[in-house]
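Have a look at the structure below before the remarks.
What you are looking at is a predicted structure, and each value in this text was computed from that prediction instead of being measured.
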Amino acid sequence: IENEYLRLEVDPHSGDIVQLWDKHCLIDGQPRPIFADYANQIELFQDSGQYWDAWNIDPAYAQHPLPPGQHYDVVQMESHYAKELWAVGQGGSRGYILTAGCPWLTIKAQLKGDERHVLQKACFPLNFTADHATYETAAGAITRPTTPTTPEEKAQWEVPGLRWADMTAIDGSYGVSILSDRKHGYDHTPNQIRLTLLRGSEWPDPEADKGTHHFSYGIYPHGGNWQTAQTVQKAREMSQPLQAVIDCNGAGRAIGQLPPEGSFLDLGAANLILMALKPTEDDPKTYILRCYECLGETATIAPQGLIFKAHQLGDRVNLLEQPIGKAGDVQITPWQIASFTVLSKR
């Protein structure tokens, strides 16, 4: 299957990705292949013997691989906006979805977690070499070397990531981001990144991970690095997709007309991410706008959109909504969380 950005081939027996091609990055006139081998293979490892069972992964888990999973049947589906391949087996399913206008491949997984002390990871072997991997943290990002040298680096074999992880080639020309809505653990080597899916620990909860799990993750190949590729925004678009609300009974009938296009809120800088827009605790007619800088660069907030036709940016405040700066203090430093009051113009 393919869309205007990507072309995908899936093995009809295993349900793994044979290859994913980037149609916007050409090599000798042909779409660029992303992977060095079959990808999105569900790799299984024995993971036991740790004192803090639910918290600690066995440092030597990679030395204890288990036989690969089951056989899958692959079926193809198509709608007016998306093309899909679904690999279906007794233990679950993996759906590969290419949506029109979307530059990443969405994978919708349904897996059973009844196995105890079995670590399940989705593997992505890349056809380029990276000297570091980057992971999203709360309002920031962390970087880990792909070839650890110090004892501290060697102890970081599992890395936390919120909505995304990224590996970019050493020369910075090309990279791949893994987007995730519910899974937040990874490991990496210079040519590979893996996403942890399930573990099946027994202490303190003997029923941990049991049952059927539903979650999504995505593969977002891109030119340049994660900053220029807007990986932060793409990950949020995947995990929090735009929702259309249709007023079927006319109860919310509007007065007047809306323009063909419009924005409710635009912060005025691509490296500012909205965290909250809420009434203040003391005055429901005054709002708090909270955002953070996501690329490690200085930003200037210049909000606009429908809400700012009747409102204006007020004072800088802290997390307790207490003033800490005057109106006009619009400079936001790298990685900074900033909060402002939003006042009615009336």
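A distance of 5.0 Å separates SG of C294 from CD of Q233, quoted to the nearest 0.5 Å. Note: E84 CD to T99 OG1 = 7.5 Å, rounded to the nearest 0.5 Å. Put simply, CH2 on W21 and CD on E9 are 5.0 Å apart, with the number rounded to the nearest 0.5 Å. Taken to the nearest 0.5 Å, the CD1 atom of I34 stands 8.5 Å off from the CG atom of L126. Rounding to the nearest 0.5 Å gives a distance of 4.0 Å between CZ of F264 and CD1 of I307. Here the CD atom belonging to E237 is positioned 12.5 Å from the CZ atom belonging to R163, to the nearest 0.5 angstrom.
The side chain to side chain contact (heavy atoms under 4.5 Å, CB included) with M167 is formed by just one residue from the set D131, V176, T146; it is T146. For the pairing with D47, the salt bridge (Lys or Arg N to Asp or Glu O under 4.0 Å) check across K121, R116, R199 returns one residue only, R199. The side chain to side chain contact (heavy atoms under 4.5 Å, CB included) test with R290 is passed by exactly one of L277, L319, I273: L319.
Residues L274 and V330 share a single hydrophobic cluster, defined by chaining ILVMFWY side chains whose heavy atoms lie under 4.5 Å apart. Under the 4.5 Å side-chain heavy-atom criterion for Ile, Leu, Val, Met, Phe, Trp and Tyr, I337 and I288 are members of distinct hydrophobic clusters. At a threshold of 4.5 Å between side-chain heavy atoms, the hydrophobic network of Ile, Leu, Val, Met, Phe, Trp and Tyr places W86 and V10 in two separate groups. Following chains of ILVMFWY side-chain contacts shorter than 4.5 Å, one can reach L20 starting from F128, so the two form part of one hydrophobic cluster. Cluster membership for I57 and L44, using ILVMFWY side-chain heavy atoms within less than 4.5 angstrom, is not shared.
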T341 vs E321, side-chain contact (heavy atoms from CB on, under 4.5 Å): CA-CA, chis, key distance, verdict: CA-CA 8 Å; T341 56; E321 303 180 2; over 6 Å; no
Yes or no on side-chain contact (heavy atoms from CB on, under 4.5 Å) for I17 and I219, after CA distance, side-chain angles and deciding distance? CA-CA 11 Å; I17 295 175; I219 305 171; 3.8 Å; yes
For Q331 and T298, run side-chain contact (heavy atoms from CB on, under 4.5 Å): C-alpha distance rounded to whole Å, both residues' side-chain angles, the deciding distance at 0.1 Å, then the answer. CA-CA 7 Å; Q331 292 296 312; T298 300; 3.6 Å; yes
Residue pair S14, Q41: steps toward the side-chain contact (heavy atoms from CB on, under 4.5 Å) verdict: CA-CA 8 Å; S14 67; Q41 297 185 62; over 6 Å; no
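A donor-acceptor contact shorter than 3.5 Å links the side chain of R94 to the backbone of N40. A donor-acceptor pair under 3.5 Å is formed between the side chain of E153 and the backbone N or O of T149. Within the 3.5 Å criterion, the main-chain N or O of Q230 finds no donor-acceptor partner in the side chain of Q227. Side-chain N or O atoms of D181 include none that pairs as donor or acceptor with a backbone N or O of S239 at under 3.5 Å. At least one donor-acceptor pair closer than 3.5 Å links the side chain of S180 to the backbone N or O of K183. The backbone N or O of K108 lies less than 3.5 Å from no partner atom in the side chain of H214, so there is not a single donor-acceptor pair. Remark: the backbone N or O of N3 is paired with a side-chain donor or acceptor of K23 at under 3.5 angstrom. Put simply, the side chain of D58 never gets that close to the backbone of G49: no donor and acceptor are under 3.5 Å apart. A donor-acceptor pair under 3.5 Å is absent between the side-chain atoms of T134 and the main chain of D166, judged by distance alone. Not a single donor-acceptor pair under 3.5 Å links the side chain of H64 to the backbone N or O of L66.
At a threshold of 4.5 Å between non-hydrogen side-chain atoms, the residues F35 and P221 do not count as touching. Residues P303 and V342 form no side-chain contact, since every pair of their non-hydrogen atoms from C-beta on lies 4.5 Å or further apart. Counting heavy atoms from C-beta outward, L265 and L289 have side chains that approach closer than 4.5 Å. Counting only heavy atoms from C-beta outward, the side chains of D11 and Y72 never approach each other to under 4.5 Å. Taking 4.5 Å as the limit, some side-chain heavy atom of V232 sits within range of a side-chain heavy atom of W226. Counting heavy atoms from C-beta on, the side chains of L85 and L98 never come closer than 4.5 Å. Put simply, the side chain of P148 reaches to within 4.5 Å of the side chain of K154, judged on heavy atoms. Put simply, the side chain of M238 does not reach to within 4.5 Å of the side chain of Y220, judged on heavy atoms.
Between Y217 and F215, the angle of the ring planes stays under 30°, which puts this pair in the parallel group of the 30/60° scheme. Aromatic ring pairs are classed by plane angle as parallel below 30°, tilted from 30° to 60° and perpendicular above 60°; the pair F45 and Y61 is perpendicular.
Every residue meeting the ring pair (Phe, Tyr, Trp, His ring centres under 6.0 Å) condition with Y186, not counting sequence neighbours, appears here in chain and number order: Y135. Applying the ring pair (Phe, Tyr, Trp, His ring centres under 6.0 Å) test to H24 and every residue at least two apart in sequence or in another chain returns Y5.
No more than 12 heavy atoms of other residues, nucleotides or ligands sit less than 6.0 Å from atom NZ of K309. Within 6.0 Å of the NE2 atom in H13, the count of heavy atoms belonging to other residues, nucleotides or ligands does not exceed 12. Counting non-hydrogen atoms of neighbouring residues, nucleotides and ligands closer than 6.0 angstrom, the CH2 atom of W52 reaches no more than 12 such neighbours. Within a 6.0 Å sphere centred on CD of Q110, heavy atoms belonging to other residues, nucleotides or ligands number more than 12.
Ionic pairing of R194 and D187 is present here: one or more N-O contacts between side-chain nitrogen and carboxylate oxygen are shorter than 4.0 angstrom.
Side chains of T106 and W104: a donor-acceptor N/O pair is present below 3.5 angstrom, by distance only.
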